[in-house]
Amino acid sequence: MKIVTRFAPSPTGALHVGAARTAIFNWLFSESLGGDFLLRIEDTDRVRSEERFELQIIESLKWLGLEWRGEIIRQSGRLDIYGRLAERLIDEKKAYRCYVTAEELGQKREEASKKGEIFRYRREWSQIGAAPGKPYAIRLSVSLGEKIFVEDLVRGEIIFDSSEIEDFVILKADGFPTYNFAAAVDDAQMEISHVIRGDDHIINAPRQILIAEALGLGKPQLAHVPMILGQDGKKLSKRHGAESVTEYRLCGYLPEAVLNYLVRLGWSFGDQEIFTAKELVEKFSLKGIGKSPSVFDSGKFLWLNGKYLRDLPEERILDEMAAIVVQKGLPLQSPQKLRKIMEQMLQRSETLNAMVDQALYFFIDDFEYDEQAAAKFLVEKNREILELLAEELLGFKNFSHDNIHGGFERVMQQTGVGLGKIAQPARVALTGSTKSPGIFDVVEILGKDTVARRITRALDFIGSRGA
RNA sequence: GGCCCCAUCGUCUAGGGGUUUAGGACGCAGCCCUCUCAAGGCUGAAACACGGGUUCGAAUCCCGUUGGGGCUACCA
């Protein structure tokens with residue numbers, strides 16, 4: 001059998017990490033078996049679907065390196081097909097028109113639930129409110145008391161009782177199909193062999209099976225993967241902060257890391273943590289998918305991104321950094337200087353953005369002093385150290401690493417204190433904080449003029465404090 | 001409420017009857033390196049939800065309990 005998978009997002013928001021993971025699973029599954037991976041846009045919700053979201057989702061998929069085959073199928077362009085099939089089901093008495101409005105039904109449901117009962121729509125309601133020319137929805141006739149078997153590749157057999165399923169809508173009053181109808185029809189017509197999707201769709205499986213059977217269409221093999229949860233154990237959502245692929249890209253995450261992290265969330269291959277895309281294609285199989293939901297751990301994600309960051313070719317990091325510098329409106333530095341900054345920030349940052357954000361003092365003079373750092377180190381007793389340092393350092397024609405080192409050595413000799421006692425005040429004066437790359441590197445990268453300005457600023461600051 | 005799913009360190013997970021003093025990773029703690037912070041190296045603390053079975057033997061199989069999650073739309 002030819003393996004064909006699909007990713008079928010609805011364009012009602014950016015590509016959520018949960019959706020991204022199912023896309024990745026489907027892509028890996030077909031890639032690993034030499035099949036096709038298709039893209040279908042489920043834009044049947046006229047109110048919530050927006051083109052910009054579709055564009056954003058497509059951009060995210062490309063960024064992640066998930067390539068689909070052929071044209072994108074758009075459900076809004078297939079309305080006539082769904083309409084014809086729904087009418088056919090009416091002709092075959094497998095479906096019927098329903099004139100009750102959604103609002104009226106909502107009331108019924110509410111009343112029932114207040115009484116602790118469950119309202120399930122059945123055929124006898126179908127003529128209520130019927131009138132010529134009045135819009136209607138089409139519902140599938142679901143027979144009672146039948147077992148529906150869902151063969152799940154991850155969970156095994158799941159059995160549903162058809163009595164629990166009401167006569168659900170397959171075609172809405174606006175002529176658009178519902179999710180289950182369009183999905184069942186399209187999966188069959190696109191000859192999808194396997195559907196890998198989130199756990200939250202398990203409930204839809206029996207409905208889609210019912211539709212496919214009513215229509216005499218083929219059914220894909222199903223694999224439901226556990227959900228991704230937030231730190232609070234609830235389904236990951238906007239409440240939990242960053243949750244779309246776009247946001248992570250904008251924060252300076254690498255596509256390789258996003259791919260790797262998301263795959264490993266719910267799938268494993270022994271003890272291995274880090275996989276290239278190629279390795280994933282080789283090693284992926286449904287066997288490695290777990291059954292229990294996974295909590296999204298932003299800390300581990302960050303760590304993984306840092307790993308990938310340090311593995312990137314320098315030229316690529318430099319390009320990305322330059323773009324971020326421009327985007328943040330910071331003064332672009334010479335390529336030589338940017339490279340030095342990159343070399344220093346690389347092992348101190350987990351994301352591309354952090355490489356710039358945490359190195360602001362290399363770009364601008366008017367950073368703020370960290371309050372605690374200034375209180376501890378920019379104090380009167382360190383005035384002499386900073387003055388001596390200025391004297392020693394600013395005398396060099398060649399502002400080299402060795403000369404700078406020598407300058408610090410001489411200040412140590414003159415004051416009789418260790419390097420640490422000199423480096424920290426200098427660090428705060430030059431960077432505003434007690435944390436930075438090695439002090440000699442900082443001085444060298446900043447350059448003589450900047451160092452002079454900043455020591456002056458720090459001395460002024462000490463003076464103003466003392467006053 | 002009903003239906004469905006799930007249950008190993010805080011988190012991601014390996015292990016699926018004896019090989020287990022339950023392994024790895026993140027995080028955490030300590031040490032090394034060291035001018036600070038990182039990166040890197042080493043070490044450590046940390047888990048089979050509970051109760052019944054089945055079995056010579058159960059983290060592993062079965063049942064129940066508890067807990068968590070999902071769904072319950074003319075959303076997808």
Side-chain angles (χ1 to χ4, degrees), chain A residues 8-13 19 42-45 47-49 98 100-103 105-106 109 113 115-120 135-139 150 152 154-155 158-161 163-166 168-180 182-183 198-206 224 226-227 229 231 233-235 261 264-274 288 290-304 306 310 344-350 358 373 377 408 412 418-424 426-428 431 433-440 442:
Chain A
S10 61
T12 54
E42 308 213 320
D43 52 353
T44 54
D45 184 332
V47 179
R48 294 197 302 149
S49 295
C98 161
V100 186
T101 66
E103 293 74 41
L105 242 29
R109 287 186 212 284
S113 93
K115 282 187 277 183
E117 289 165 6
I118 295 163
F119 175 86
R120 288 200 187 87
Y136 57 87
I138 299 177
R139 288 177 182 269
V150 176
D152 191 296
V154 171
R155 294 167 200 287
I158 306 166
I159 304 168
F160 291 87
D161 182 345
S163 307
E164 284 150 17
I165 301 172
E166 69 174 354
F168 57 92
V169 172
I170 55 176
L171 208 73
K172 306 181 219 174
D174 65 3
F176 277 63
T178 57
Y179 160 71
N180 280 314
D199 239 353
D200 47 345
H201 282 289
I202 282 189
I203 199 77
N204 292 317
H224 290 98
M227 314 244 64
L229 274 24
Q231 296 288 348
K234 303 257 191 259
K235 187 175 169 181
Y261 181 72
R264 267 295 277 109
L265 206 53
W267 176 85
S268 63
F269 189 81
D271 283 341
Q272 193 169 344
E273 294 284 347
I274 297 183
K291 289 184 178 182
S292 48
S294 346
V295 174
F296 190 89
D297 183 349
S298 49
K300 186 164 184 177
F301 189 15
L302 210 49
W303 165 80
L304 190 65
R310 271 159 231 129
Q344 292 304 322
M345 297 317 292
L346 194 54
Q347 70 255 66
R348 278 169 249 266
S349 313
E350 310 287 28
Q358 293 167 5
F377 294 105
F408 272 85
M412 282 164 69
L419 179 55
K421 296 254 193 253
I422 297 168
Q424 281 307 73
R427 196 184 310 279
V428 178
T431 72
S433 117
T434 53
K435 304 165 187 173
S436 86
I439 193 68
F440 309 142
V442 170

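Note on naming: letters A, B, ... go to the chains in the order of the sequence lines (proteins, then strands), and numbering restarts at 1 for each one. Excluded from the calculations below are hydrogen atoms, water molecules and symmetry mates; all remaining heavy atoms, backbone and side chain alike, are included.
- Rounding to the nearest 0.5 Å places CZ of A:F160 at 6.5 Å from CD1 of A:I202.
- Residue A:I439 is in base contact, counting any heavy-atom pair closer than 4.0 Å across all strands shown.
- Residue A:G116 is the one, among A:T434 and A:G116, whose nearest nucleotide of RNA chain B lies closer to the 5' end (criterion: closest heavy atom).
- Across all strands shown, B:A46 has no partner, as no Watson-Crick or G-U wobble contact with both distances under 3.5 Å is found.
- Between A:S436 and the phosphate of B:U36, there is no side-chain N or O to OP1/OP2 separation shorter than 4.0 Å.
- No donor-acceptor pair closer than 3.5 Å links the side chain of A:R139 to the backbone N or O of A:C98.
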message: Protein within reach of the bases, or only the backbone? For nucleotides 67-76 of chain B, mark each nucleotide 5' to 3' as B, S or -, using heavy atoms under 4.0 Å.
response: --SSS-SBBB
query: When every nucleotide of nucleotides 41-50 of chain B is labelled 5' to 3' by its protein contacts under 4.0 Å (heavy atoms), B for base, S for sugar-phosphate only, - for none, what sequence of letters results?
result: ----------
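- With the nearest nucleotide of RNA chain B identified for both A:G266 and A:R120, A:R120 has the one nearer the 5' end.
- Pair assignment for B:G67 gives B:C6, based on Watson-Crick or G-U wobble hydrogen-bonding distances that are each under 3.5 Å.
- Residues satisfying the side chain to side chain donor-acceptor pair (under 3.5 Å) test with A:K300, not counting sequence neighbours, are A:E273.
- A salt bridge links A:R109 with A:E166: the distance from a Lys NZ or Arg NE/NH1/NH2 to an Asp or Glu carboxylate oxygen falls below 4.0 Å.
- Note on A:G106: nothing from the nucleic acid sits closer than 4.0 angstrom, heavy atoms only.
- Distance alone, capped at 3.5 Å, is enough to place a donor-acceptor pair between the A:R264 side chain and the A:W267 backbone.
- Put simply, CD on A:Q347 is 13 Å from C1' on B:C33, counting in whole angstrom units.
- In this entry B:U21 has no Watson-Crick or G-U wobble partner, no candidate having both defining distances under 3.5 Å.
- Distance A:D271 CG to B:A22 P: 16 Å, rounded to the nearest Å.
- Using cut-offs of 30° and 60° on the angle between ring planes, the pair A:H201 and A:Y179 is tilted.
- At a cut-off of 3.5 angstrom, counting only N and O atoms as typed in the model, there is a donor on one side and an acceptor on the other between the side-chain of A:K300 and the base of B:C12.
- Note that CE of A:M227 is 10.0 Å distant from OG of A:S294, once rounded to the nearest 0.5 Å.
- With a 3.5 Å ceiling on both atom-pair distances, B:C35 lacks any Watson-Crick or G-U wobble partner.
- Following rounding to the nearest Å, A:Q358 (CD) and B:A39 (C1') show an atom-to-atom distance of 13 Å.
- Of the candidate nucleotides B:A7, B:U36, B:G10, B:G10 has the atom nearest to the side chain of A:D297.
- Between the side chains of A:T178 and A:N180, no donor-acceptor pair of N or O atoms lies under 3.5 Å.
- Donor-acceptor pairing under 3.5 Å, judged by distance alone, is absent between the side chain of A:R155 and the base of B:C5.
- Of the inter-residue distances, the one linking A:K235 atom NZ with A:L229 atom CG reads 10.0 Å to the nearest 0.5 angstrom.
- Expressed to the nearest 0.5 Å, how far NZ of A:K435 lies from CD of A:Q424 amounts to 11.0 Å.
- The line from NZ of A:K172 to OG1 of A:T44 is 4.5 Å long, rounded to the nearest 0.5 Å.
- Atom-to-atom, CD of A:Q344 to P of B:U34 comes out at 17 Å; the value is rounded to the nearest Å.
- For A:E273 against B:G24, a side-chain N or O and a base N or O form a donor-acceptor pair under 3.5 Å.
- Base pairing of B:G1 is made with B:U72, judged by Watson-Crick or G-U wobble geometry with both donor-acceptor distances under 3.5 Å.
- Between the side chain of A:R427 and the base of B:C35 there is at least one donor-acceptor pair of N/O atoms closer than 3.5 Å.
- Across the protein-nucleic acid pair, A:Q272 atom CD and B:G24 atom C1' stand 12 Å apart, rounded to whole Å.
- Nearest nucleotide to the side chain of A:S292, out of B:U8, B:C5, B:G27: B:U8.
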